J.: 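Take a look at this one; I'll ask things after.
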Amino acid sequence: MSPVGSLIALLLLFTSSLAQDKAVQPEARCGASFSETYKPVQIQAAQDMDCTWSIVRPANETTRVIFSVLELNPSADCSQENITILNEDFGELGVLCPNSPGIAAFESPGNVYVRVFTNSDALTRNAYLLYYSVTPANDVKCGGNLRGYSGKISSPNYPNRHQPFTYCVWHVETPKNTKAKLSFSEVFVEPDVACRFDFVAVFDGPTTNSPLKDVLCGRTVGEVETSSNAFTLVFSADYANNYFGFSVDYIATPKANSSLSCSGDSMTVLINPDYINSLGYNANELTLINKTCVANSANPIVFEVPFGSCGTVKKVKDHTVYYTNTIFASTAGVITRHRQLQIIVTCELESDSIAEIMYVTENDIIQDQAESGKYDVSLAFYPNEDFIAPVLESPYFIELNESVFLQATVQSSDPDLTVFVDTCFASPQANFQAPNYDLIRRGCIKDNTYHNFPSGSRYARFNFSAFKFLNAHPSVYLQCQLVICDINDSGSRCNQGCVTRKRRDLGSTMWKTNAVLGPLRLKRHSEPEAAGSVSEKTEDVVKTDQTSLYVMGISVLVINVLILAFVVLRYSRREPRGYRYHAVATH
Ligand SMILES: *[C@@H]1O[C@H](CO)[C@@H](O)[C@H](O)[C@H]1NC(C)=O
Ligand SMILES: *[C@@H]1O[C@H](CO)[C@@H](O)[C@H](O)[C@H]1NC(C)=O
């Protein structure tokens, strides 16, 4: 606002606060009764009180009661000290406890009773409330439910004056695994040190019962950050001194480096640009599979990925629909070694659930998996069945047919959780497009080298024998769907084992999540690697001892070929379709 504008505004504020003095007399009396159409009430209460203030209003009008100050004895228990709000029939509309947010509103037709209980501690309690009758003449329609990664909210009539007796509630939901950043470009409402009269309140959650994050009044600007992907905004104005209200822009930011949120027809990916920069890539060169699809926003980087275009691949398997796209970043400049970052995003849609899978690969090695929900589950290779120290290197080099040990761990302090491996499949590609090979599906073992170890508190363990995909695919990636259950719940999915489609009841599942891992690569792999995926590790191995390695390489190759021939023979005989360890088309 220009200096002249500010001066006018100041004058306005000054003259109108002169016009109406809001000094409200404390109601120290117990048991007063009010019959005015509206009234601000400043309650002061001492110890050992049980007082009821009665608001007497006609039954054909709605009485709205708005608390904007609540200072009860902070060390009192709610069962001893509280403010109980009752309707005409003495039914409970709500209870304000010593730890309740200071801002609360109640509505009921006709009379409303405010009953204050205090315990025996000697101190003064304060509460400020405004009540008024809502009639068709003064009712302001406002508020609403908003969804999306960004948006703008302003008071009714903004940038013009708001009306008296305005009470608006907006419920805002940003994509999962994000938090919201609110930037108030203007707040211009009646000033008061305690923001008792007109105010903008931000609740850190989906309802006005969520913790109160901030209350703004007077002339100000401000930034508020929520802790989750839902917040509630309240705007309340009383009977006089109506200014211009407020305007706020909000934008979602990923809680960690990145976040993915799936809906019925698209997925929303948010990435912190600093994260992309820290990996050495340029944030504004990111594209989807279809290179014409670029980010919708730069900070945070937002991709709204439609299921039907931009190169999104759809795959249907076992009544589950998977939509996958990939965000690519290539290093700029003339670099001979091909380095490429891929952020793979998959929405897994079932009739009753949606799962989000997001991970980062660099040079086709899975680097980073975004936490996708309530529980963070990690999947790791172990060198043996002691399950003591996980394999840290990636790719994990292993001999053909050697046992691969895996543990899925839920990161939680709750010892009563356990993990169940529902489905695990392998793919030669980091994006898990076809071919896929099932190790276990819906708890039913599909690979006869697969074996589950007894699961325990916060983990599930299994192993299988290393294999390779035919047709020169050097890598094996694993994707597992894991179910987290209460260890003491005998009816949970974790205790159901193999479940066929007909009785696919998840039981009392607590949580379902996905984890990816890979790649596994065969040691001293002789076939040419896929372009650009030659890793330093292979070179190291080669450098160690040329002659013995050469001999060993030959013998391993011979053994590999023999084993492979044996395996192919064995399974092509036993299973006539003969797709064992073979590229299994899933389309
Ligand atoms: C509020 O306090 C009164 C008096 O101590 C008590 O009877 C009532 O149960 C309390 N309400 C709640 C919800 O604790
Ligand atoms: C409620 O009823 C009273 C009289 O009974 C009437 O004066 C008043 O206008 C009514 N209010 C509304 C909102 O209809």
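Here the structure is a predicted model, which is why all the values come from computation and not from measurement.
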J.: Side chains of N82 and T84: donor-acceptor distance under 3.5 Å anywhere?
T.: yes

J.: Taking the six-membered ring for Trp, are F420 and W511 ring centroids under 6.0 Å apart?
T.: no

J.: Taking distance alone, no hydrogens or angles, what donor-acceptor pairs closer than 3.5 Å link side-chain atoms of residues 210-217 to residues at least two apart or in another chain?
T.:
{"residue": "S210", "atom": "OG", "partner": "T207", "partner atom": "N", "Å": "3.2"}
{"residue": "S210", "atom": "OG", "partner": "T207", "partner atom": "O", "Å": "2.9"}
{"residue": "K213", "atom": "NZ", "partner": "E225", "partner atom": "O", "Å": "3.4"}

J.: Taking H171 for its side chain and N145 for its backbone only, find out whether a donor-acceptor pair lies under 3.5 Å.
T.: no

J.: Just do the side-chain contact (heavy atoms from CB on, under 4.5 Å) check on V269 and S259 with the steps written out, would you?
T.: CA-CA 6 Å; V269 186; S259 75; over 6 Å; no

J.: What residue pairs, at least two apart or across chains, pass ring pair (Phe, Tyr, Trp, His ring centres under 6.0 Å) with a residue in residues 191-225?
T.: Y128-F197

J.: Please list, chain by chain and in numerical order, all residues satisfying ring pair (Phe, Tyr, Trp, His ring centres under 6.0 Å) with Y250, sequence neighbours excluded.
T.: F231

J.: Could you name each residue pair satisfying disulfide (SG to SG under 2.5 Å) that touches residues 152-186, not counting sequence neighbours?
T.: C142-C168

J.: Between H162 and V189, what is the shortest heavy-atom contact and its length?
T.: NE2-CG1, 4.5 Å

J.: Is there any salt bridge (charged side-chain N to carboxylate O under 4.0 Å, His left out) pair reaching into residues 30-40, and which pairs are they, with sequence neighbours excluded?
T.: E36-K39

J.: Strictly distance-based, threshold 3.5 Å: is any side-chain N or O of N242 a donor or acceptor partner for the main-chain N or O of R161?
T.: no

J.: State, to 0.1 Å, how close T423 and R442 come at their nearest heavy-atom pair, and which atoms those are.
T.: OG1-N, 3.1 Å

J.: Can you confirm whether I83 sits close enough to V114 that some side-chain heavy atom of one is under 4.5 Å from a side-chain heavy atom of the other?
T.: yes

J.: My understanding is that only residues two or more places apart in sequence, or in another chain, count here; which of them pass ring pair (Phe, Tyr, Trp, His ring centres under 6.0 Å) with F307?
T.: Y323

J.: Return the set of residues passing salt bridge (Lys or Arg N to Asp or Glu O under 4.0 Å) with D139 (not counting sequence neighbours), or none when no residue passes.
T.: K141

J.: I'd like to check the salt bridge (Lys or Arg N to Asp or Glu O under 4.0 Å) partners of E88; sequence neighbours left out, ordered by chain and number.
T.: none

J.: Donor-acceptor check, side chain of E81 to backbone of N73, threshold 3.5 angstrom: yes or no?
T.: yes

J.: OG of S75 to CD of Q80: how many Å apart, nearest 0.5 Å?
T.: 11.0 Å

J.: Could you check whether E186 and S247, counting side-chain N and O atoms only, form a donor-acceptor pair closer than 3.5 Å?
T.: no

J.: Using modelled atom types and a 3.5 Å cut-off, is there a donor and acceptor pairing between side-chain atoms of E71 and backbone atoms of R125?
T.: no

J.: Could you grab the distance from atom CG of N272 to atom OG1 of T253, nearest 0.5 Å is fine?
T.: 8.0 Å

J.: Between I487 and G456, what is the shortest heavy-atom contact and its length?
T.: CD1-C, 4.0 Å

J.: Do C347 and L349 come within less than 4.5 Å of each other through their side chains, counting heavy atoms only?
T.: yes

J.: Please tell me whether Y158 and F244 form a close aromatic pair, meaning their ring centres lie under 6.0 Å apart.
T.: no

J.: May I ask you to say whether K176 pairs ionically with E356, meaning some side-chain N is under 4.0 Å from a carboxylate O?
T.: yes

J.: Just do the salt bridge (charged side-chain N to carboxylate O under 4.0 Å, His left out) check on E350 and K512 with the steps written out, would you?
T.: CA-CA 12 Å; E350 264 184 85; K512 212 164 78 173; 2.9 Å; yes

J.: On a heavy-atom basis, which atom in V305 and which in T312 lie closest, and how many Å separate them?
T.: CG1-OG1, 3.5 Å

J.: Please report the closest heavy-atom contact between T418 and S455, naming both atoms and the distance.
T.: OG1-OG, 3.7 Å

J.: Report yes if some heavy atom in the side chain of Y167 is under 4.5 Å from a heavy atom in the side chain of I66; otherwise report no.
T.: yes

J.: Considering the options Y131, Y132, F235, which one meets the ring-ring contact (aromatic ring centres under 6.0 Å, His included) requirement together with F165?
T.: Y132

J.: Give a yes or no answer on whether the side chain of T178 reaches the backbone of N229 with a donor-acceptor pair at less than 3.5 Å.
T.: no

J.: Can you give me the closest heavy-atom contact between D204 and S228, atom names plus distance?
T.: OD1-N, 4.0 Å

J.: So, using salt bridge (Lys or Arg N to Asp or Glu O under 4.0 Å) as the criterion, who are the partners of E348 when residues are at least two apart?
T.: none

J.: In chain order, what residues pass the salt bridge (Lys or Arg N to Asp or Glu O under 4.0 Å) check against R115, with sequence neighbours excluded?
T.: D50

J.: Look at the side chain of D489 and the backbone N and O of D486, then say whether any donor-acceptor pair between them is shorter than 3.5 Å.
T.: no

J.: Using a strict 4.0 Å threshold on nitrogen-to-oxygen distance, state whether R64 and E107 make a salt bridge.
T.: yes

J.: How far apart are the C-alpha atoms of T63 and R57, what are their side-chain angles, what is the distance that settles it, and do they pass the side-chain hydrogen bond (donor to acceptor under 3.5 Å, both in side chains) test?
T.: CA-CA 7 Å; T63 308; R57 297 300 306 145; 5.1 Å; no

J.: Would you say that R458 contacts Q411 through its side chain, given a criterion of any heavy-atom pair below 4.5 Å between the two side chains?
T.: no

J.: Going by ring pair (Phe, Tyr, Trp, His ring centres under 6.0 Å), name the pairs with one or both residues in residues 62-87, residues two or more places apart or in two chains.
T.: none

J.: Got a salt bridge between D422 and R493, using NZ or NE/NH1/NH2 to carboxylate O under 4.0 Å?
T.: yes

J.: Keeping the roles fixed (side chain from N241, backbone from E190), state whether a donor-acceptor pair exists under 3.5 Å.
T.: no

J.: Suppose the criterion is disulfide (SG to SG under 2.5 Å): which pairs have a residue in residues 88-129, not counting sequence neighbours?
T.: C78-C97

J.: Can you check side-chain contact (heavy atoms from CB on, under 4.5 Å) on F246 and I153, steps first, answer last?
T.: CA-CA 8 Å; F246 73 95; I153 300 173; 4.0 Å; yes

